[in-house]
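Beneath this line is the structure, given in structure tokens, with notes to follow.
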Amino acid sequence: MTSWGPDVRVRFAPSPTGEFHVGSARSVLYNWAVALRNHGALVLRIEDTDAARNHPQWIDGIISAMAWLGIDGSQYEGPFLQSDNLAKHTEAAQRLYRQGRAYYCGCTREDLIARTGDQYRGYDGYCRDRGLGPGPGRALRFRTPDEGSTVVDDLVRGRTVFENASIEDFVLARADGSVLFLLANVVDDMDERITHVIRAEEHLPNAPKQQLLWEALGHEPPAWAHLSILVNEKRQKLSKRRDKLALESYRDEGYLAEAVRNYLMLLGWGPRTGGEIMPFAEMVAQFRIEDVSPSPAFFDLAKMRAFNGEYIRALPTDEFMKACEPWLAPDRAPWPADRFDPGVFAALAPLAQTRVALLADIVPMVDFAFLPEPVHDEASWAKAMREPAAEILAEVAAAYAEVRWQADELRTRLEAVANSFGLSLGKAQAPVRVAVTGRTVGLPLFESLQVLGREETLRRIESARERVTGLA
Ligand code: GLU
């Protein structure tokens with residue numbers, strides 16, 4: 001029986017071989033939630049022993065992605081490096097050998113293929129009883145029991161029974177002595193006193209082998225929980241080639257960490273009380289790994305985006321403005337730095353806050369106020385500047401020349417112009433919107449004009465009118 005409580009020790013054990021994926025983010029969040037809920041511990045272990053594939057820069061990526069999710073160094077033990085534990089890996093391998101639980105094997109892959117045909121289906125046990133000692137070209141294999149079965153009691157998937165006879169004598173250490181993943185991972189988990197291994201489904205086939213290793217090394221195995229794969233809208237497993245997976249890319253598009261965290265927690269889990277958008281602490285209070293579904297979880301980008309919009313709207317305005325800052329910074333914003341006016345931005349921000357789903361959306365919404373000329377988009381222009389756009393622009397310019405510069409007044413005047421042309425307000429305001437902002441959609445028009453001011457508004461209307469009538 002799994003025991004829960006402050007003795008719970010879970011770990012996140014990524015290999016630093018690439019960008020930090022959303023699937024890893026979900027795994028670490030679930031581990032963290034289990035640690036928090038039980039007042040236990042989360043360990044971060046970097047499995048960096050595959051020197052050919054590892055890169056130190058990815059270690060920083062893991063640590064900063066975790067910090068972005070709220071899991072900073074105060075939340076976990078470590079990071080421990082697997083490569084610091086090589087002596088213990090070797091010692092465990094040797095112990096298994098001395099105890100007769102492992103044996104040296106001199107078979108090459110070619111030998112195996114020669115014996116088993118070109119369909120290699122696992123080691124055939126040729127060297128099991130040859131009594132070979134260590135030597136060049138000899139790998140160390142685990143002697144799996146001939147009889148009985150290994151029962152993996154997975155907290156997410158239930159019990160799976162593996163017949164020991166069907167588990168091959170897998171390699172523990174290569175001929176050069178280096179210990180492979182299956183054993184190194186177990187030795188580290190023992191060393192770090194891990195009680196619950198919560199990890200990706202792809203490791204499920206490793207669980208019976210690793211459970212045998214725990215037992216052979218004289219330890220009670222941990223509880224296992226293998227999390228389902230993530231799939232895209234076509235029900236395909238998320239893949240680097242097809243899908244955007246890097247957590248960083250979502251951060252850079254303007255997702256808020258809280259929204260992403262909330263969304264990822266729901267990939268295969270839901271609170272028993274129902275509801276979806278809720279503070280992380282509330283999710284933690286309800287989180288049970290046994291409630292996680294074993295079925296593939298749909299990574300629904302549209303939903304994550306909608307969550308983000310909700311989180312953005314819930315921010316106090318000043319925090320929203322602060323969150324926008326990276327997109328407004330001189331190195332990133334499309335306008336000349338000296339044209340940015342914080343007061344103007346402060347006036348537009350509340351209008352934008354209810355309309356953006358991603359922080360990056362802020363730029364096309366407010367750029368009209370800071371660019372010397374509005375952006376020019378042929379398609380929007382062609383659509384908005386159809387007849388009688390030139391006349392409308394002329395009338396609006398005349399009406400706006402004297403009006404009190406207030407959104408409600410600006411609206412009333414434009415309504416009057418619309419009426420005189422027998423047009424709806426929407427139709428009549430389209431050329432004005434494109435003339436002033438360059439776009440067909442955006443912030444509420446009259447509030448935008450009020451912020452931009454009379455002089456600049458009239459200048460843009462006039463310049464658009466001239467273009468439409470072919471004067472420019
Ligand atoms: N280093 C392994 C990986 O990144 C994790 C192994 C585990 O969680 O047990 O897939």
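Counting starts at 1 for both ligands and their atoms, following the listed order.
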Quick one: nearest non-hydrogen protein atom to [atom], plus distance?
atom: atom 9 (O) of ligand 1; result: Arg11 NH2, 2.6 Å
atom: atom 10 (O) of ligand 1; result: His203 NE2, 2.7 Å
atom: atom 5 (C) of ligand 1; result: Ala13 O, 3.2 Å

Backbone, side chain, both or neither: what part of [X] comes under 4.0 angstrom of ligand 1, heavy atoms only?
X: Phe181; answer: side chain
X: Asn185; answer: side chain
X: Pro14; answer: backbone

- Item | Neighbour count >12 (heavy atoms, 6.0 Å) for atom CD, Glu147 |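 No.
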
- With the threshold set at 4.0 Å, does a side-chain nitrogen-carboxylate oxygen contact exist between Glu201 and Arg157?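 A salt bridge is present here (some side-chain N lies under 4.0 Å from a carboxylate O).
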
- By number and element, which atoms of ligand 1 are closer than 4.0 Å to a non-hydrogen atom of Glu47? 1 (N), 2 (C), 5 (C), 6 (C)

- Note on the structure: Here the atoms of ligand 1 under 4.0 Å from any heavy atom belonging to Arg199 are 7 (C), 8 (O), 9 (O)

With distance as the sole test, does [X] use its side chain to make a donor-acceptor pair with the main-chain N or O of [Y] at under 3.5 Å?
X: Gln82; Y: Arg45; result: no
X: Arg143; Y: Tyr103; result: no
X: Arg242; Y: Lys237; result: yes

- Task: With Trp32 as reference, evaluate Phe12, Phe280, Tyr76 under the side chain to side chain contact (heavy atoms under 4.5 Å, CB included) test and give the passing residue.
- Result: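 Of the listed options, the one satisfying the test is Phe280.
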
